[in-house]
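Since we're looking at a predicted model, the values are computed, not measured. Below, read A as the first sequence line, B as the second, and so on, with proteins coming before strands; counting in each chain starts at 1.
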There are 2 protein chains.
Amino acid sequence: MNTKEKIVAAALDVYNREGIRTVTTRQIAREMGISAGNLHYHFKHTEDIIFTIFGQLQRDYDEMVALFDKKDLVLRELLQEFINGSYRLINKYRFIFVNFVEVCAWIPAIGESYRDLVMRREEQFVSLFRYYAELGMFRQDIPIAILKGFIRQIFIISDFWYSSFAVLGGRCQSDALEDYRQTIEVAFYPYLT
Amino acid sequence: MNTKEKIVAAALDVYNREGIRTVTTRQIAREMGISAGNLHYHFKHTEDIIFTIFGQLQRDYDEMVALFDKKDLVLRELLQEFINGSYRLINKYRFIFVNFVEVCAWIPAIGESYRDLVMRREEQFVSLFRYYAELGMFRQDIPIAILKGFIRQIFIISDFWYSSFAVLGGRCQSDALEDYRQTIEVAFYPYLT
DNA sequence: ACAAAATTAGAACAATTGTTCTAATTTTGT
DNA sequence: ACAAAATTAGAACAATTGTTCTAATTTTGT
C-alpha cells in the first residue's frame, strides 16, 4: 500500500470515527505518522480525498451487484445477499451516508455520480422484480407506480438506515446487522408471495 | 420579536440554506445586521443556538400531535394530516434532519431528547394502529414484530426523506411535498384495508 | 429623573485551518 | 554510479474561527 492509498484508508477510518465536521487534514496526517505537508503533496485539496473515497464506494457497489448476477439466486437468497452486501458497504463508508447532503453540496461531482447510480439501480430493481414475479416469488398485482415507490423506499432505508441507527444510540456491531436485516425484511414482507 | 428570537430565526434560515458545515456565528450576525459580539452576548456558545432550535422543533411536533388527537379522524384523513404536518416540520427544520448524526454527536442532549421522543411516538403509533384495526381500517393480521418494523420504517422515511430528496437533486417546493406524500403513502399501502 | 441593569458594537485574542514553500532525502531509470 | 524525479518533514502564511473584553449606549424600574 503506497502513501496515497494509506491516506485514503486513514481518512476513511478517521471520518467514520469522528465525522467530517471536526476532522482536519492535520489530524489524518498525525494519525498515520506523516506530515501535513506530505499529505497535501498527494492530495492538494481535502475534497480530493473524499472524492477518491466515494469512487471506491461506487466500485465496491458495482462489484457487489456483479457478484449477485453471477449466482442466479432464488429471491429470498438474493434478498439475504443484498442485505449482507449492502450492510457491509454502508458500514464501511458510513461517514458518507451520515453526511450525504453536505458532501453532495460540497463536492457536486459526488451528487451527480450518485444520481447516475440511483437511476441505474432503479432499472435493475424493476427488471429484477419482474423476473421474480414471473417465477411466482414476487407479487404480480403491484401497479408500476407503487413498485417505483417501493424501490424509492428501499433506497431511503438502505442509504439512511445507518443514520437512524446511529441517532437512536446503536453501538454494538452485531445488533447493527440484525437491525438492518429486520428493517429491510419488513419492507419486503408485503411484496413477497 | 426580541434579539434572541431574531438570532434563532436567522440561524435557522442560514443553516437551512447553507448547512452547518460552513456557516459561522459571524455570518449569522452579519445576515441580521448585528455584531458578532452581540450574538454571543445572547448565546454564549453556538451549540446553545442549535439546542434552542431543536427545542422549538420538539414543541412544534408535540403541538401537531395534540391537534390530531382533538380531531377524531378516519385513518385516511389522519394519514393526510400526518403527511402535511410532518412535511411542514421536516421542511422548516431541514438542516437538523440533514445533519442529524453530527448534531447528536456534537450536542448529546439533543440525541437523548430525540430518543425520548421516538419512544413516545412508537407507543402512540402502536395504539393508534390497534384502534384503527378495530374499526376495520387497518389490517388486523399483522404480527407485532412486523408492526414495530413498519413503524421503524415510517420513522426512517420521515426523518430522512428530505436528505434523500436533497441528494437526488430535488429543488422545487411543490414537487417536494408530492414526493414526500407519495413515499409515505406507498409505505402505508400494504397495511390499509 | 436617575441609578442600575441590559444591550450593543467593535476591537482584540488565541487557536486552528487548509495549503504552500523550501530544503533535504529517497527512489528511479539508465 | 549518478542525474532527474518523486517523496518527505517542517516551517511559514494568510485567513478564519468562536469567544471575550471594553467602553458606550439604551432600557428599565422606581
Problem - Terminal contacting nucleotides, 5' and 3', DNA chain C versus chain B (heavy atom, 4.0 Å) - result: C/dA6 to C/dA12
Exercise for the section: Nearest-nucleotide wise, let me know which of B/Leu39 and A/Tyr41 is further upstream toward the 5' end of DNA chain C. Expected result: B/Leu39
Practice task
Show your reasoning for whether side-chain contact (heavy atoms from CB on, under 4.5 Å) applies to B/Lys4 and B/Phe43.
Solution key: CA-CA 8 Å; B/Lys4 207 160 175 172; B/Phe43 291 96; 3.6 Å; yes
Problem - Degree of bending in the helix from C/dA1-D/dT30 to C/dT30-D/dA1 once both end axes are built from five pairs, to 10° - result: 30°
Handout entry: Modelled atom types, side-chain donor and acceptor of B/Asn84 and B/Tyr180, under 3.5 Å
Key = no
Handout entry: Aromatic A/Phe165 / basic A/Arg94 pairing, under 6.0 angstrom, 45° off normal
Key = no
Problem - A/Glu134 and A/Gln140 side chains, donor-acceptor separation under 3.5 Å - result: no
Practice task
Using the six-membered ring of A/Tyr87, assess whether NZ or CZ of A/Arg181 lies under 6.0 Å from its centre and within 45 degrees of the ring axis.
Solution key: no
Exercise for the section: For the residue pair A/Phe138 and A/Phe129, categorise the inter-ring angle as parallel (less than 30°), tilted (30 to 60°) or perpendicular (more than 60°). Expected result: parallel
Handout entry: CZ/A/Arg88: more than 12 non-hydrogen atoms of other groups inside 6.0 Å
Key = no
Exercise for the section: Scan side-chain atoms only and decide if A/Asn99 and A/Trp106 contain a donor-acceptor pair under the 3.5 Å cut-off. Expected result: no
Completion exercise
Nearest-nucleotide check on DNA chain D, A/Ala36 vs B/Lys44; residue mapping nearer the 5' end is A/Ala36
